[in-house]
Protein chains: 2
Amino acid sequence: MELQKVDGRKARGEKKRRAIVEATLRVIEREGVAGVTHRSVAREAGVPTTAPTYYFATLDDLLIATLLWSAEELCDDMLKIVASGGSAREIARSLAQAVNENRGRTLAEYELYLLAGRRPELKPAARRWLDRAVEVVRPADPLAFRAFLAAIDGLLLQGLIADVAPNEDELEPIVSFLIRGRDDFTAAPKEE
Amino acid sequence: MELQKVDGRKARGEKKRRAIVEATLRVIEREGVAGVTHRSVAREAGVPTTAPTYYFATLDDLLIATLLWSAEELCDDMLKIVASGGSAREIARSLAQAVNENRGRTLAEYELYLLAGRRPELKPAARRWLDRAVEVVRPADPLAFRAFLAAIDGLLLQGLIADVAPNEDELEPIVSFLIRGRDDFTAAPKEE
DNA sequence: CAACTATCTGAACAAGTGTTCCACAAGTTT
DNA sequence: AAACTTGTGGAACACTTGTTCAGATAGTTG
């Protein structure tokens with residue numbers, strides 16, 4: 001146990017650091033990347049104005065750290081959609097949830113996409129869920145699967161700009177159509 | 001011709017107004033919505049700093065005017081993709097162009113999408129091309145067509161965050177897969 | 001040419017920004 | 001307890017932002 005003695009200061013610091021990142025994500029969900037400033041984040045996190053600067057060299061670092069971190073969660077969410085039990089119903093339900101209850105988070109994800117379009121360093125994080133989906137599902141027909149993944153992004157995106165976000169029942173038949181011939185790519189599923 | 005006498009001043013004004021909007025779009029393509037300021041737009045358009053404020057009450061108005069205007073062009077681009085001759089090859093070529101040569105413009109479109117997600121007033125403009133596509137193609141199987149449209153958005157978006165943007169040859173088989181059973185929705189095409 | 005009007009613009013301002021700096025508090029080690 | 005490291009936060013800075021405004025300019029009309 002001698003080596004495991006942790007510095008209480010660093011422990012608290014790391015905790016605060018995480019709190020700041022989480023606050024940043026909340027700001028992004030609520031107001032978009034544009035709303036992220038040292039002050040808005042500090043206010044959201046309940047810390048002094050200079051705290052974010054202390055933990056992150058620059059505002060950009062904070063933004064990138066937040067998006068990289070959120071990408072992990074988003075990856076999980078997306079995999080849950082892609083491999084959620086498998087039935088069209090369940091996939092449709094997950095999609096409906098993403099554009100309704102989790103609207104803010106879904107918007108945040110596409111903020112990440114867009115930023116990745118302009119900042120190469122974010123690209124791997126943005127497309128992580130795509131790579132992981134292929135790894136997990138191991139589709140026999142990669143083409144069909146890529147089309148399916150593309151359609152998911154499209155459905156979410158279009159769901160966000162609809163007058164009223166689509167619900168489970170509206171999405172189900174479309175998903176159903178997309179995974180007709182589902183055996184093509186779920187022939188060799190694989191848990192890891 | 002008496003009534004048609006135009007005020008030369010107003011004419012020039014309207015021209016300048018358009019020039020400012022076009023400059024704004026260029027800024028968005030290059031740096032994203034975040035890069036749009038009165039000053040950056042003015043610099044791009046080669047007009048004094050206060051010109052944009054003169055023509056648009058607020059910066060937000062300028063941004064919205066630009067996105068609404070660009071939506072028209074984007075709508076045309078998208079329709080060209082959806083109804084480009086019809087072969088998978090041609091659709092794939094249009095898609096490849098969008099994520100390569102026209103990368104900036106495509107990014108701008110998704111900036112519009114994202115902003116529309118947070119500003120209801122932009123929603124109609126953002127999904128205009130979807131509505132128009134349905135009008136023009138008049139698909140017999142709307143479900144299949146909606147899936148196809150969703151996949152297009154997904155392919156473009158994912159093309160933007162790829163390490164190297166996909167080319168025509170990579171996209172063609174995916175598109176091909178998507179429009180197998182194409183007769184389903186192109187049964188009753190319609191020029192307008 | 002003079003009166004008028006619409007268009008234009010440079011200077012200026014208040015507000016908000018990222019970031020620096022420094023004194024100090026808290027925790028750890030010797 | 002003394003020396004140290006790490007975390008903390010308020011004040012202040014240089015800078016950019018959106019917007020205002022008074023006056024200049026240019027086009028139209030009598």
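Lettering follows sequence order; numbering is per chain, from 1.
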From A:D153, A:D76, A:L74, residue fulfilling side chain to side chain contact (heavy atoms under 4.5 Å, CB included) relative to A:W129: A:D153
Verify the cluster assignment for A:V134 and A:I179: are they in a single hydrophobic cluster under the rule of side-chain heavy atoms below 4.5 Å apart? yes
With sequence neighbours left out, what residues match B:F56 under side chain to side chain contact (heavy atoms under 4.5 Å, CB included)? B:R17, B:I20, B:V21, B:D61, B:L62, B:A65
Using atom CG of A:L62 as one end and atom C1' of C:dT19 as the other, report the distance to the nearest whole Å. 14 Å
May I have the distance from A:R43 (atom CZ) to C:dT17 (atom C1'), rounded to whole angstrom? 12 Å
Can you confirm whether A:E168 sits close enough to A:R89 that some side-chain heavy atom of one is under 4.5 Å from a side-chain heavy atom of the other? yes
Less than 4.0 angstrom between a side-chain N/O of A:T37 and OP1 or OP2 of C:dG16, yes or no? no
Measure CG/A:L59 against P/D:dT17 and give the value in whole Å, please. 15 Å
Protein-to-nucleotide contact annotation, 5' to 3' order, nucleotides 6-13 of chain D [B base; S sugar-phosphate only; - none; under 4.0 Å, heavy atom]: SBBBBBB-
Whole angstrom value for the distance that separates C1' of D:dT17 from CG of B:D60: 14 Å
Separation of D:dA26 P from B:K15 NZ (nearest whole Å): 17 Å
What is the distance, rounded to the nearest whole Å, between atom CD of A:E31 and atom P of C:dG16? 14 Å
A:S87 versus A:E90, side-chain donor and acceptor atoms under 3.5 Å: yes
Contact under 4.0 Å: B:H38 side-chain N or O vs D:dT19 OP1/OP2: yes
4.5 Å side-chain heavy-atom contact, A:R127 and A:D131: yes
